[in-house]
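All heavy atoms count here, side chains included; hydrogens, waters and symmetry mates do not.
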Amino acid sequence: MQGIPDASRPPATPAQMLTAMDHTIATHLLSQQEMARRLSMNVTDLTCFGFVLEAGEDLLTAGDLAERAHVTTGAVTGVLNRLERAGYITRCPDPNDRRRVRVAAQPAAVAQVYALYEPYYARLTALIADYSPDEVAVLADWFTRQGRLAREYMDEIRETET
């Protein structure tokens, strides 16, 4: 089915939406832990490797990765050390700045991660096809804005640590 009309969606209150979101996040966290376990990683390392994959040919620096993952550069050094030891990444000299390195995914590791994730993403793609282009745009906007809000709140609560 492609693009089910809005009228066929069950009604939901904001409270019901937040509950559904909480359940989705909990399920997602558990599934990420399982994916990481199957790849012999922890969730932070898997998240960082995901950012490396997302960057593609535009190789990230350790600082870029720290910023995206909202961790310190020291923490990223540990992540990169573990990923490199496990054969997931390699560090390449930055052609514009010899003091920096860039992070590249190893092709065999990319294939391993894709083999694990592709069946899930195929199911998500089929689910997305049930929504109209306008609904997909609203969902993409919501995820983008909610993600920004979550990052801002995470930064805010980190600043209040004692």
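A distance of 11.0 Å separates CG in Leu80 from CZ in Arg85, rounded to the nearest 0.5 Å. With rounding to the nearest 0.5 angstrom, the CZ atom of Phe143 is 6.0 Å from the CG atom of Leu139.
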Point to revise | Working for side-chain contact (heavy atoms from CB on, under 4.5 Å), residues Tyr88 and Leu39 | key: CA-CA 10 Å; Tyr88 282 95; Leu39 295 165; 3.4 Å; yes
Exercise for review: Dump the intermediate steps for side-chain contact (heavy atoms from CB on, under 4.5 Å) on Glu118 and Tyr121, then the final yes or no.
Suggested key: CA-CA 5 Å; Glu118 278 182 323; Tyr121 275 79; 5.7 Å; no
Practice item. Give the intermediate values and the outcome of side-chain contact (heavy atoms from CB on, under 4.5 Å) for residues His28 and Gln32. Key: CA-CA 6 Å; His28 178 75; Gln32 283 299 93; 3.4 Å; yes
Practice item. Check the pair Leu83 / Gln106 against side-chain contact (heavy atoms from CB on, under 4.5 Å), numbers first and verdict last. Key: CA-CA 10 Å; Leu83 289 174; Gln106 292 283 33; over 6 Å; no
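Connection of Tyr120 to Leu127 is not established within any shared hydrophobic cluster, with ILVMFWY side chains joined at heavy-atom distances below 4.5 Å, either directly or through further cluster members. Linking ILVMFWY side-chain heavy atoms closer than 4.5 Å, directly or via other members, places Val103 and Tyr114 in a single hydrophobic cluster. Each of Met154 and Val43 belongs to its own hydrophobic cluster when Ile, Leu, Val, Met, Phe, Trp and Tyr are linked at side-chain heavy-atom distances under 4.5 angstrom. When hydrophobic clusters are built by joining Ile, Leu, Val, Met, Phe, Trp and Tyr residues whose side-chain heavy atoms come closer than 4.5 Å, directly or via intermediates, Met35 is grouped together with Val79. Tyr117 and Leu29 are members of different hydrophobic clusters when ILVMFWY side chains are connected at heavy-atom separations under 4.5 Å.
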Distance-only donor-acceptor pairs under 3.5 Å for side chains of residues 18-27, two or more places apart:
residue	atom	partner	partner atom	Å
Thr19	OG1	Ala15	O	3.1
Thr24	OG1	Ala20	O	2.9
Thr27	OG1	His23	O	2.9

Let me have the donor-acceptor pairs involving side chains of residues 64-78, under 3.5 Å, with sequence neighbours excluded, atom names and distances please.
residue	atom	partner	partner atom	Å
Asp64	OD1	Thr61	OG1	3.4
Asp64	OD2	Thr61	N	2.9
Asp64	OD2	Thr61	OG1	3.1
His70	ND1	Asp155	OD1	3.1
Thr72	OG1	Ala75	N	2.9
Thr77	OG1	Thr73	O	3.0

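Scanning both residues, Ala105 and Leu53, for their nearest heavy atoms gives CB-CD2, 3.9 Å.
Counting only heavy atoms from C-beta outward, the side chains of Arg9 and Tyr131 approach each other to under 4.5 Å.
Heavy atoms from other residues, nucleotides or ligands lying under 6.0 Å from CZ of Arg158 number more than 12.
Contact check on Glu34 versus Arg38 returns a salt bridge, with a Lys/Arg side-chain nitrogen under 4.0 Å from an Asp/Glu carboxylate oxygen.
Put simply, the side chain of Arg102 gets close to the backbone of Leu59: a donor and an acceptor are under 3.5 Å apart.
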